[in-house]
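Notes for the one structure printed next.
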Amino acid sequence: MRLALALLALLIAAPLSAASERGVDPSEETMHTVKAGETLGGVASRAVVPRVLIIEANGLKAPYKLHAGQQLVIPRRRSVTVKPGDTGFGIAYEYGVPWSDIAIANGLDPKAALKSGKVLAIPTLSKLPADASTPPVASPAPKSSPIPRPSIGEPATGYDAPIFNWPAPGEVLRPYSQRWVKSAHDGIDIAGAEGSAVRAARAGRVIFAGLESRRFGNLVVVDHGKGWHTAYAKLQKVTIKLGDKVRMGERVGLIGHTGETPRTELHFELRHDGRPVDPEDYLPEGGPN
């Protein structure tokens with residue numbers, strides 16, 4: 001009996017040790033890459049998440065067999081306490097989940113004002129097909145694609161998503177990284193002199209222009225249609241108004257250091273259907289000029 005228990009302990013500990021070597025705690029993962037031999041029950045047990053929630057979050061079908069390399073969303077119950085000045089828009093942008101989904105999950109009227117002190121549950125957004133190896137957020141031509149990424153002003157031939165222009169010249173100080181990575185970053189940070197112009201990456205309509213109190217500081221968000229939005233954050237000053245229609249290249253603000261940032265920079269995000277995607281996949285190759 002003791003020998004059986006010892007062998008069972010070794011079998012359970014082995015995957016945990018492997019995860020520890022990678023510096024990943026299975027009980028904190030939000031995205032898990034399946035290893036050879038892993039089962040759904042084993043992943044659920046180590047992640048400390050009910051099996052049914054993993055099935056629902058990933059759209060898995062019976063008999064729920066996994067394959068090596070498959071990526072699974074691990075749905076964590078997240079919550080946020082509303083602070084004075086918070087808006088549904090700001091909370092939705094911080095967590096990368098549409099405000100309508102958050103409101104539904106909490107039984108709220110999406111148009112009603114938020115009450116300070118209320119605790120909101122943040123639902124898991126992603127649902128991946130059972131055979132997915134990477135999350136399907138959008139489908140640009142990848143950076144390794146034989147289709148050349150266009151220069152500014154060139155048509156977006158060969159792409160099934162729009163191409164955007166760089167919002168400001170400058171070095172990319174911090175690139176995009178996906179939400180299940182420890183150093184997750186929903187956009188890119190571009191260096192620039194304080195007060196220099198920030199320009200619309202594509203034509204669209206302004207759906208937010210003002211102070212976002214949680215971490216973005218002065219923020220502009222432009223709706224480009226078909227689920228595409230760009231966000232320009234940490235601005236010194238917003239130079240357009242809510243509801244304005246902007247042209248590609250039109251100034252929307254000035255580079256600054258408002259919000260949560262230790263330096264002067266532009267934080268730029270691109271989202272499709274509420275999900276952050278890597279802006280550099282949709283921007284002209286070679287960086288801003």
Side-chain angles (χ1 to χ4, degrees), residues 7-79 95-98 101-102 105 121-147 159-161 175-188 227-228 269-282:
L7 288 172
L8 180 60
L10 284 172
L11 287 172
I12 294 173
L16 290 173
S17 299
S20 298
E21 287 174 5
R22 299 194 311 273
V24 178
D25 183 345
S27 67
E28 296 180 358
E29 279 186 317
T30 55
M31 179 64 67
H32 178 77
T33 301
V34 176
K35 297 180 288 297
E38 280 194 306
T39 64
L40 180 60
V43 171
S45 176
R46 290 185 288 277
V48 197
V49 170
R51 184 172 176 265
V52 66
L53 294 185
I54 297 177
I55 291 171
E56 291 176 354
N58 294 275
L60 300 180
K61 305 296 182 184
Y64 311 121
K65 289 185 178 180
L66 306 182
H67 59 80
Q70 181 178 351
Q71 289 196 324
L72 296 175
V73 172
I74 306 298
R76 301 286 174 193
R77 183 173 177 82
R78 300 172 294 169
S79 63
Y95 286 91
V97 178
D101 290 4
I102 297 174
I122 308 297
T124 299
L125 180 65
S126 297
K127 283 195 173 185
L128 307 183
D131 61 350
S133 58
T134 56
V137 292
S139 53
K143 292 175 182 175
S144 58
S145 170
I147 302 172
Y159 286 75
D160 52 7
Y176 168 90
S177 58
Q178 294 167 320
R179 285 200 163 221
W180 52 88
V181 176
K182 190 173 183 180
S183 58
H185 192 228
D186 286 344
I188 58 176
W228 291 94
E269 293 190 9
L270 176 61
R271 299 195 179 201
H272 187 235
D273 291 338
R275 304 168 188 243
V277 297
D278 187 349
E280 291 192 76
D281 283 342
Y282 303 86

#### Entry: Trace of the side chain to side chain contact (heavy atoms under 4.5 Å, CB included) decision for His32 with Arg46
CA-CA 11 Å; His32 178 77; Arg46 290 185 288 277; 5.6 Å; no
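- Here the CD atom belonging to Gln70 is positioned 10.5 Å from the CD atom belonging to Glu38, to the nearest 0.5 angstrom.
- A 4.5 Å side-chain heavy-atom check between Val277 and Trp228 finds at least one atom pair inside the cut-off.
- A search for side-chain contact (heavy atoms from CB on, under 4.5 Å) contacts involving Ala68 returns Ala36, not counting sequence neighbours.
- Nearest heavy-atom pair, Tyr176 versus His185, reported as atom, atom and distance to 0.1 Å: CD1-O, 3.3 Å.
- Applying the side-chain contact (heavy atoms from CB on, under 4.5 Å) criterion to Pro50, with sequence neighbours excluded, gives Val52, Leu53.
- Considering CD1 of Ile54 and CG of Leu40, their distance stands at 5.5 Å, rounded to 0.5 Å.
- Considering every non-hydrogen atom in both Ile102 and Ala121, the closest pair reads CG2-O, 4.0 Å.
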### Task
For Thr39 and Leu66, run side chain to side chain contact (heavy atoms under 4.5 Å, CB included): C-alpha distance rounded to whole Å, both residues' side-chain angles, the deciding distance at 0.1 Å, then the answer.
CA-CA 6 Å; Thr39 64; Leu66 306 182; 5.7 Å; no
### Message
Before you tell me yes or no, could you show the steps for Asp281 and Leu270 under side chain to side chain contact (heavy atoms under 4.5 Å, CB included), namely the whole-Å CA-CA distance, both residues' side-chain angles and the distance that decides it to 0.1 Å?
### Response
CA-CA 10 Å; Asp281 283 342; Leu270 176 61; over 6 Å; no
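- We find the CD1-CG distance between Ile188 and Asp278 to be 7.5 Å, quoted to the nearest 0.5 Å.
- The shortest non-hydrogen separation linking Ile74 to Ala47 is CG2-CB, 3.9 Å.
- In this structure, Leu72 CG and Met31 CE are separated by 8.0 Å, a value rounded to the nearest 0.5 Å.
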